S.K.: 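Let me begin by handing over the structure; questions about it come next.
What you are looking at is a predicted structure, and each value in this text was computed from that prediction instead of being measured.
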Amino acid sequence: MKSDLIVYAARLPKAELHLHIEGSLEPALMFALAQRNKIDIPFKTVDEVRAAYAFSNLQDFLDIYYQGMSVLQTEEDFFDLTMAYLNRARADNVRHVEIFFDPQGHTDRGVAFDTAIGGILTALSMAKKQFGMTSKLIMCFLRHLPEAAAFSTLKQAETWLDQIDGVGLDSSEVGHPPSKFQKVYEAARERGLKLVAHAGEEGPPDYVYEALDLLKIDRLDHGNRSLEDDALVKRLADEGMTLTVCPLSNLKLCVVDDMRDHPLKKMLDLGLRATVNSDDPSYFGGYMQDNFEAVINALDLTRDDIKTLAKNSFTGSFLSDGEIRAQLAAIDLVR
Ligand code: HPA
Ligand code: ZN
């Protein structure tokens with residue numbers, strides 16, 4: 001029964017590995033921050049905001065996503081944003097989060113790097129103290145900007161590197177291949193940072209090869225279009241590469257036309273280490289459990305598939321081996 005699987009998914013401890021903190025900005029908080037900071041936004045009601053969230057591709061979304069960020073001004077704003085997400089994730093039994101943030105989305109409009117990261121880190125440490133949620137922080141480079149801008153972001157991050165776990169690559173994919181960022185990824189690797197990159201969301205399988213071979217990523221964000229290349233699928237499976245898959249995002253951005261065509265089940269059957277994530281939950285219609293419900297309702301996932309997805313979220317995380325073992329044992333206890 002689907003309803004049993006939905007309850008099972010809700011009860012399982014899970015990690016979220018693909019979450020843009022700026023994409024968790026709910027309309028209600030957007031209005032509150034706009035008022036607090038005296039910033040004009042082009043919406044009067046929550047309904048108007050929701051109506052604007054009809055996207056036909058990644059760029060449609062990004063235009064609105066960067067506009068939404070404009071209400072984030074102070075360290076307190078970033079704290080409130082992050083705390084709201086962490087509490088919401090906790091309600092879905094998410095026990096560990098690896099959060100992306102987009103420093104250039106803030107520094108380019110005059111908000112300091114330190115303001116953004118300071119508020120985010122305070123919330124992460126409070127969630128650890130208050131409810132034991134563990135976290136990692138991943139700083140993303142905006143790929144539509146030049147590599148030199150990514151280098152300058154890495155420089156601004158220098159004094160925070162003990163609190164940043166990795167770097168990622170996001171924003172407009174097509175026309176901005178991973179190869180554009182080879183040197184800055186090498187610099188990040190030299191600093192001991194973990195490496196992830198969005199690839200194969202809208203971009204071709206070649207971009208996934210570049211992320212693997214040139215950026216030397218530890219984890220692949222999205223990766224959907226890898227399925228067009230059998231040799232690539234085999235390589236990803238053989239290497240045990242984790243894919244951070246985002247079902248509701250894929251539907252909203254028309255990466256899939258119908259949830260029944262979503263490749264998640266196929267990925268698992270091909271031996272790929274897929275995980276379920278919410279990407280930008282405020283914009284795409286839901287958090288972790290909403291994503292599980294959507295795929296359970298649309299696809300023929302088994303109980304073992306659901307368990308595998310939860311386990312993959314920890315084995316694919318940047319937690320220590322001991323922490324991963326403890327989370328996997330907790331999953332085995334759920335009936
Ligand atoms: N893809 C690319 N860039 C992004 C996304 C995404 O899904 N969300 C926020 N920035
Ligand atoms: Zn993303």
Side-chain angles (χ1 to χ4, degrees), residues 17-23 53 55-69 98-105 108 138-151 153 166-185 188 194-229 232-233 235-236 241-257 261-264 267 272 274-275 277-281 283-284:
L17 306 180
H18 187 148
L19 181 283
H20 303 263
I21 196 63
E22 297 90 346
Y53 293 178
F55 313 117
S56 46
N57 55 44
L58 175 58
Q59 194 60 49
D60 276 2
F61 154 69
L62 289 169
D63 293 341
I64 293 237
Y65 167 80
Y66 293 122
Q67 183 185 65
M69 281 181 205
E98 305 202 345
I99 288 185
F100 296 133
F101 78 118
D102 282 333
Q104 291 158 294
D108 286 6
I138 300 173
M139 168 175 94
C140 284
F141 302 125
L142 298 184
R143 69 201 303 160
H144 66 275
L145 299 175
E147 189 182 41
F151 265 110
T153 301
V167 299
L169 189 62
D170 64 0
S171 192
S172 321
E173 186 180 5
V174 174
H176 303 285
S179 52
K180 182 176 162 186
F181 296 92
Q182 188 173 352
K183 291 198 181 64
V184 76
Y185 266 65
K194 293 285 187 187
L195 308 174
V196 304
H198 285 53
E201 181 184 20
E202 287 189 345
D206 273 359
Y207 284 24
V208 178
Y209 280 110
E210 285 191 10
L212 295 171
D213 293 328
L214 305 181
L215 304 188
K216 304 191 193 306
I217 52 167
D218 297 296
R219 193 164 72 208
L220 173 59
D221 295 317
H222 294 296
N224 298 43
R225 289 194 60 193
S226 307
L227 296 190
E228 295 169 23
D229 183 324
L232 179 55
V233 169
R235 175 169 171 194
L236 291 169
M241 179 62 65
T242 296
L243 276 68
T244 63
V245 180
C246 306
L248 287 172
S249 164
N250 293 158
L251 187 64
K252 276 292 245 182
L253 300 186
C254 305
V255 169
V256 298
D257 292 329
D261 301 326
H262 195 281
L264 182 67
M267 287 170 166
L272 293 172
T275 60
N277 306 272
S278 66
D279 207 0
D280 301 278
Y283 292 88
F284 299 151

S.K.: Does the side chain of Leu19 come within less than 4.5 Å of Ser278's, by heavy atoms?
M.R.: yes

S.K.: Quick one, Cys254 and Asn57 - any side-chain contact, counting heavy atoms below 4.5 Å?
M.R.: no

S.K.: Output yes when Lys194 and Glu98 qualify as a salt bridge under the 4.0 Å nitrogen-oxygen rule, no when they do not.
M.R.: no

S.K.: For Glu173 and Gly200, which heavy atoms make the closest approach, and how far apart are they?
M.R.: OE2-N, 2.7 Å

S.K.: Taking side chain as C-beta onward, heavy atoms only, is Met241 less than 4.5 Å from Leu272?
M.R.: no

S.K.: Does any non-hydrogen side-chain atom of Met69 lie less than 4.5 Å from one of Asp102?
M.R.: yes

S.K.: Establish, yes or no, whether a centroid distance under 6.0 Å links the rings of His198 and Phe141.
M.R.: no

S.K.: Please check if the side chain of Asp218 supplies one atom and the backbone of Val196 the other of a donor-acceptor pair under 3.5 Å.
M.R.: no

S.K.: What distance separates Phe100 CZ from Asn277 CG, expressed to the nearest 0.5 Å?
M.R.: 8.0 Å

S.K.: I would like to know whether Gln59 and Asp63 meet side-chain hydrogen bond (donor to acceptor under 3.5 Å, both in side chains); could you show each step before the answer?
M.R.: CA-CA 6 Å; Gln59 194 60 49; Asp63 293 341; 3.0 Å; yes

S.K.: Could you tell me which non-hydrogen atom of Gly105 sits nearest to which non-hydrogen atom of Leu142, and how far apart they are?
M.R.: N-CD1, 3.9 Å

S.K.: What distance do Ile138 atom CD1 and Ile21 atom CD1 have between them, rounded to the nearest 0.5 Å?
M.R.: 12.5 Å

S.K.: Kindly give the heavy-atom pair with the smallest separation between Met139 and Pro103, and that separation in Å.
M.R.: CG-CG, 3.6 Å

S.K.: Looking only at atom types and distance, does a side-chain atom of Gln104 sit under 3.5 Å from a main-chain N or O of Thr153, one as donor and one as acceptor?
M.R.: no

S.K.: For Leu212 and Leu236: C-alpha separation, side-chain torsions, deciding distance, then whether side-chain contact (heavy atoms from CB on, under 4.5 Å) applies.
M.R.: CA-CA 9 Å; Leu212 295 171; Leu236 291 169; 4.0 Å; yes

S.K.: Could you go through the side-chain contact (heavy atoms from CB on, under 4.5 Å) check for Glu201 and Leu253 one step at a time?
M.R.: CA-CA 10 Å; Glu201 181 184 20; Leu253 300 186; 3.7 Å; yes

S.K.: With side chains defined as the heavy atoms from C-beta onward, is the minimum distance between Leu215 and Leu169 less than 4.5 Å?
M.R.: yes

S.K.: Could you grab the distance from atom NZ of Lys252 to atom SG of Cys246, nearest 0.5 Å is fine?
M.R.: 15.0 Å

S.K.: Closest approach of Ala188 and Val167, non-hydrogen atoms and distance?
M.R.: CB-CG2, 3.8 Å

S.K.: Are Ser172 and Leu62 packed together at the side-chain level, in the sense that at least one heavy-atom pair is separated by less than 4.5 angstrom?
M.R.: yes

S.K.: Within the structure provided, determine whether Asp170 and Arg143 are in side-chain contact (heavy-atom separation under 4.5 Å).
M.R.: no

S.K.: Do Tyr207 side-chain atoms and Gly223 backbone N/O form a donor-acceptor pair below 3.5 Å?
M.R.: no

S.K.: Any sub-3.5 Å donor-acceptor pair from Asp261's side-chain atoms to Asp257's backbone N or O?
M.R.: no

S.K.: Quick one: are the ring centres of His20 and Phe101 less than 6.0 Å apart?
M.R.: no

S.K.: If you look at every heavy atom in Arg235 and Asp213, which pair is closest and at what distance?
M.R.: NH2-OD1, 2.7 Å

S.K.: Could you grab the distance from atom CG of Leu227 to atom CG of Leu232, nearest 0.5 Å is fine?
M.R.: 8.5 Å

S.K.: What are the two closest heavy atoms between Ser171 and His144, and how far apart are they?
M.R.: OG-ND1, 2.7 Å

S.K.: For Thr244, does its backbone N or O pair with a side-chain atom of Arg219 as donor and acceptor, under 3.5 Å?
M.R.: no

S.K.: Give, for atom OG1 of Thr242 and atom CG of Asp221, the distance between the pair rounded to the nearest 0.5 Å.
M.R.: 10.5 Å

S.K.: Could you pull out all residues at least two apart from Phe61 that satisfy ring-ring contact (aromatic ring centres under 6.0 Å, His included)?
M.R.: Phe55, Tyr65, Tyr283, Phe284

S.K.: As an exercise, state the distance from OH of Tyr66 to CG of Asp108, rounded to the nearest 0.5 Å.
M.R.: 10.0 Å

S.K.: In the structure I gave you, are the side-chain heavy atoms of Leu243 and His222 within less than 4.5 Å of one another anywhere?
M.R.: no

